[in-house]
Undergrad: 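To start, I am sharing the structure in question, which I have written as structure tokens.
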Amino acid sequence: MNKKFRTRALAAIVTACAISTQSFAAPVLDQTQADDGASVGIYNTVSRAQVFTAGLSGLLTFVELNFYWGPGDGDLLLSLYKAPGGKPEETTLFTRSFDRQLLPRGWLALNVASQNFFVEAGTQYAFGLQTRGARESWTMHASLSSKDPYASGRTFWRDSTDPAAAQWTALEMPFDYGQLDLQFNTWVDTDAARRDLPEPGSLGLAFGAVAALGAARRRAPRRKGHEGAAS
């Protein structure tokens, strides 16, 4: 094995080892709204959204919500939007589906880390909720507060079957209620924002590179030794 090949192989192995030992940091609780007292329905045509202002920069890992299920509920769809000026945009940043049969009632930690979306401190976003189930009175409900406990955002809704409410509209309640806020938590991996995270296949590619170098070395023609000088 020549020196050049040894150098390449060693570099590939070191890279593979560095990637294999790199780990994700534990997510940190960022935004939270713990007050409840009311609930709001979510349907296949009626979406709800909650605006929040990121306090930390990093990888958005979990959105926690408090749900109540009813018969006929379908899969849960969680979307993320930018919310400049405190109102969700109409275009989604991403949408992830969660199997209804795998979700218990109560607090749910919805994992969105695979979306590889980084929030920036001080920027407003909104998560949107929708189901694939039929629109009916007994459907999914999300806990919320009518006391306006979260100062950095509020709840919105829209109905795809109603032209007058096809875009996000601030959700209000009658009487003496204030603005509504869903009960939620957001979790952020702040360490991930300071790293160049490898793709899931990077480790395999690194070891593959070592194997390829070895195969190339084996296929390379051997140099013939110098023949002895004529007598």
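We count residues from 1, following the sequence as given.
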Undergrad: Shortest non-hydrogen contact from Thr61 to Pro27?
TA: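 In this case the closest contact between Thr61 and Pro27 is OG1-CB, 3.3 Å.
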Undergrad: Does Leu80 belong to the same Ile/Leu/Val/Met/Phe/Trp/Tyr cluster as Val63, with side-chain heavy atoms less than 4.5 Å apart forming each link?
TA: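 Both belong to a single hydrophobic cluster.
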Undergrad: Is there a side-chain contact between Leu76 and Met140 (heavy atoms, below 4.5 Å)?
TA: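 With C-beta onward as the side chain, the pair touches.
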Undergrad: Got a donor-acceptor contact below 3.5 angstrom from the Gln31 side chain to the Ala54 backbone?
TA: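 Side chain of Gln31 to backbone of Ala54, a donor-acceptor pair under 3.5 Å: no, none is there.
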Undergrad: What are the two closest non-hydrogen atoms of Asp159 and Trp157, and how far apart are they?
TA: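 For Asp159 and Trp157, the tightest heavy-atom pair comes out as CB-CZ3, 3.7 Å.
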Undergrad: Give a yes or no on whether Leu29 and Phe184 share a hydrophobic cluster (residues Ile, Leu, Val, Met, Phe, Trp, Tyr; joining criterion: side-chain heavy atoms under 4.5 Å apart).
TA: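 Shared cluster, no.
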Undergrad: So which heavy atom on Asp189 is nearest to which on Ala192, and how close?
TA: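 Shortest heavy-atom contact: OD1-N, 3.2 Å.
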Undergrad: Is a side-chain N or O of Ser57 found less than 3.5 angstrom from the main chain of Ala121, in a donor-acceptor match?
TA: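 Side chain of Ser57 to backbone of Ala121: a pair is present.
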Undergrad: Any chance you could lay out the side-chain contact (heavy atoms from CB on, under 4.5 Å) test for Val28 and Val188, step after step, and finish with the verdict?
TA: CA-CA 5 Å; Val28 178; Val188 174; 5.6 Å; no
Undergrad: Roughly how far, to the nearest 0.5 Å, is OH of Tyr68 from OG of Ser39?
TA: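 Going from the OG atom of Ser39 to the OH atom of Tyr68 covers 7.5 Å.
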Undergrad: Establish, from distance only, whether the side-chain atoms of Trp107 and Glu64 form a donor-acceptor pair under 3.5 Å.
TA: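 Absent: no donor and acceptor within the cut-off.
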Undergrad: Kindly indicate whether the side chain of Phe67, heavy atoms from C-beta on, has any atom under 4.5 Å from the side chain of Arg105.
TA: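 SC-SC contact between Phe67 and Arg105 ruled out.
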Undergrad: Between Asp36 and Ala38 (side chain of the first, backbone of the second, donor and acceptor by atom type, cut-off under 3.5 Å), is there such a pair?
TA: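 Checked: no pair found.
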Undergrad: Do the side chain of Gln50 and the main chain of Leu182 share a donor and acceptor less than 3.5 angstrom apart?
TA: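 Checking the backbone N and O of Leu182 against the side chain of Gln50, a donor-acceptor pair under 3.5 Å is found.
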Undergrad: Is it the case that the side chain of Gln33 and the backbone of Asp181 share a donor-acceptor pair, with hydrogens and angles ignored and the cut-off at 3.5 Å?
TA: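 Such a contact is found between Gln33 side chain and Asp181 backbone.
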Undergrad: Could you measure the distance from the CZ atom of Phe156 to the NZ atom of Lys87? Nearest 0.5 Å is fine.
TA: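 That separation rounds to 6.5 Å.
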Undergrad: Which residue in the set Leu93, Thr92, Val51, Thr91 passes side-chain contact (heavy atoms from CB on, under 4.5 Å) when paired with Tyr81?
TA: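 Of all the options given, the one that passes is Thr92.
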Undergrad: Measuring only between side-chain heavy atoms, which start at C-beta, is Leu180 closer than 4.5 Å to Val40?
TA: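 No. Closest side-chain heavy atoms not under 4.5 Å.
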Undergrad: Could you grab the distance from atom CD of Gln115 to atom OG of Ser79, nearest 0.5 Å is fine?
TA: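 Here the interatomic distance stands at 9.5 Å.
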Undergrad: Are Tyr125 and Phe117 an aromatic pair, judged by ring center distance below 6.0 Å?
TA: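 Yes: the rings meet the under 6.0 Å criterion.
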Undergrad: Contact between Thr45 and Thr161 at the side-chain level, heavy atoms closer than 4.5 Å - yes or no?
TA: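 Yes - at least one pair of side-chain heavy atoms lies under 4.5 Å apart.
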Undergrad: Ignoring hydrogens and angles, tell me if any N or O in the side chain of Gln130 forms a donor-acceptor pair with the backbone of Leu77 under 3.5 Å.
TA: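 Such a contact is absent between Gln130 side chain and Leu77 backbone.
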Undergrad: Search all heavy atoms of Arg158 against all heavy atoms of Ala166 and return the closest pair with its distance.
TA: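 The pair with the smallest heavy-atom distance is CD-O, 3.6 Å.
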Undergrad: To the nearest 0.5 Å, tell me how far Gln124 CD sits from Ser152 OG.
TA: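 Spacing of CD (Gln124) from OG (Ser152) equals 7.5 Å.
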Undergrad: Starting at CG of Asn66, measure out to CG of Leu108 and round the result to the nearest 0.5 Å.
TA: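 Those atoms lie 8.0 Å apart.
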Undergrad: Check the orientation of Phe127 and Phe52. Use parallel for under 30°, tilted for 30 to 60°, and perpendicular for over 60°.
TA: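 It falls in the tilted class, 30° to 60°.
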Undergrad: Under a 4.5 Å cut-off applied to non-hydrogen side-chain atoms, are Asp75 and Ser97 in contact?
TA: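 When only atoms from C-beta onward are counted, Ser97 and Asp75 do touch, with a gap below 4.5 Å.
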Undergrad: Hydrophobic clusters here meaning ILVMFWY residues chained together by side-chain heavy-atom distances under 4.5 Å, can you tell me if Leu78 and Leu103 are in one?
TA: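 Yes, same cluster.
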Undergrad: Which atom names give the shortest non-hydrogen contact between Pro149 and Asp35, and what distance separates them?
TA: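 Closest approach of Pro149 to Asp35, heavy atoms only: CG-CB, 4.1 Å.
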Undergrad: So do Lys82 and Pro88 actually touch side chain to side chain, heavy atoms under 4.5 Å?
TA: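 The answer is no; the side chains never approach within 4.5 Å.
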Undergrad: Just so I know, are the side chains of Leu110 and Phe98 near enough to count as touching, which here means a heavy-atom distance under 4.5 Å?
TA: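 Yes. Closest side-chain heavy atoms under 4.5 Å.
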Undergrad: As an exercise, state the distance from CG of Asp99 to CZ of Arg132, rounded to the nearest 0.5 Å.
TA: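 Those atoms lie 10.0 Å apart.
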Undergrad: Write down the atom of Leu65, the atom of Gln183, and the distance for their closest heavy-atom approach.
TA: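 In this case the closest contact between Leu65 and Gln183 is CD2-O, 3.7 Å.
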Undergrad: Take Asn116 and Phe94, measure what side-chain contact (heavy atoms from CB on, under 4.5 Å) needs, and give me the verdict at the end.
TA: CA-CA 10 Å; Asn116 199 34; Phe94 68 78; over 6 Å; no
